[in-house]
Amino acid sequence: MEEYRKIKAHFDNDDWYFKTTDDLRYDFIDGKSGPYEFLLGALSGCFFSTVEDFIPEGVTYESADVTVKGRKRSTVPTTLEETIIEIEAKGVSDKKAFEEAITKATECCSIFQTIKCVSSMSVKIGYKD
């Protein structure tokens, strides 16, 4: 069985932050990097890591920029209502295989599947060639 993942958070009148087990600190900055920015950032990393798992050997890409947008509900609980992942890839050697890897990631990415329980999810793919 996999061990628990863990962070430790601290909140006082001056500082709101959490630290990872490697002592990396991530600050909550009002209006700039709050809980939802961290959640959307976590989704981007988990999602693209899962895409990487499904890219066939020999298929290459130069870079991929991932933008994640989330819109919260106005009613309590204010969970995400809509989440959009936009991927802009450059130098993809096999676009069909790349897109198939993205489709598989929507089925297997754990954070995508968790957020999908409360939010509509969509993925848009564009290419810079």
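Numbers here are sequence positions counted from 1. All values reported here derive from a predicted model rather than from experimental measurement.
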Thr78 side chain to Ser74 main-chain N or O, any donor-acceptor pair under 3.5 Å?
no
Interatomic distance, Ile125 atom CD1 to Ile102 atom CD1 [nearest 0.5 angstrom]:
3.5 Å
How does the hydrophobic cluster around Tyr4 look, that is, which other residues are in it when side-chain heavy atoms under 4.5 Å mark a link?
none
Is there a path of hydrophobic side-chain contacts, each under 4.5 Å between heavy atoms of I/L/V/M/F/W/Y residues, joining Trp16 to Leu39?
no
By side chain to side chain donor-acceptor pair (under 3.5 Å), Glu88 pairs with (sequence neighbours left out) none
Listing request: all salt bridge (charged side-chain N to carboxylate O under 4.0 Å, His left out) pairs with a residue in residues 104-124, at least two apart in sequence or in separate chains.
none
Those residues at least two apart in sequence (or on a different chain) that pass ring-ring contact (aromatic ring centres under 6.0 Å, His included) with Tyr26 are Phe18
ring-ring contact (aromatic ring centres under 6.0 Å, His included) filter on Tyr17, not counting sequence neighbours, yields His10
Hey, are Lys6 and Glu3 close enough for a salt bridge, meaning a charged N less than 4.0 Å from a carboxylate O?
no
Would you indicate whether the side-chain heavy atoms of Leu80 and Met121 approach each other to under 4.5 Å?
no
Between OG on residue Ser119 and CZ on residue Arg71, distance to nearest 0.5 Å
8.5 Å
Enumerate donor-acceptor pairs with a distance under 3.5 Å from any side-chain N or O in residues 43-59 to protein atoms, sequence neighbours excluded.
residue, atom, partner, partner atom, Å
Ser44, OG, Gly41, O, 2.7
Thr50, OG1, Cys46, O, 2.8
Glu52, OE2, Tyr61, OH, 2.4

Please list all pairs meeting ring-ring contact (aromatic ring centres under 6.0 Å, His included) that have one or both residues in residues 66-86, counting only residues at least two apart or in different chains.
none
Partner residues of Asp22 under the salt bridge (charged side-chain N to carboxylate O under 4.0 Å, His left out) criterion, sequence neighbours left out
none
Establish whether Phe38 and Ile84 are linked, either directly or via other cluster members, by ILVMFWY side-chain heavy-atom contacts under 4.5 Å.
no
Checking Lys90 against Tyr127: charged group under 6.0 Å from the ring centre and within 45 degrees of the axis?
no
Backbone of Thr103 reached by a side-chain donor or acceptor of Thr106 within 3.5 Å:
yes
Which residues satisfy the salt bridge (charged side-chain N to carboxylate O under 4.0 Å, His left out) test with Lys8, sequence neighbours excluded?
none
Do Arg73 and Thr79 have side-chain atoms, one donor and one acceptor, less than 3.5 Å apart?
yes
Thr83 side chain reached by Phe112 side chain, heavy atoms, under 4.5 Å:
no
Among pairs that include at least one residue of residues 26-41, which meet salt bridge (charged side-chain N to carboxylate O under 4.0 Å, His left out), considering only residues two or more places apart or in two chains?
Arg25-Asp27
Of all residues at least two apart in sequence or in a different chain, which pass the side chain to side chain donor-acceptor pair (under 3.5 Å) check with Gln113?
none
Check for a donor-acceptor pair, side chain of Ser33 on one end and backbone N or O of Ile29 on the other, with a separation under 3.5 Å.
yes
Pair Lys72 + Glu81, salt bridge at N-O below 4.0 Å
no
For Lys96, which residues count as a side chain to side chain donor-acceptor pair (under 3.5 Å) partner, sequence neighbours excluded?
Glu100
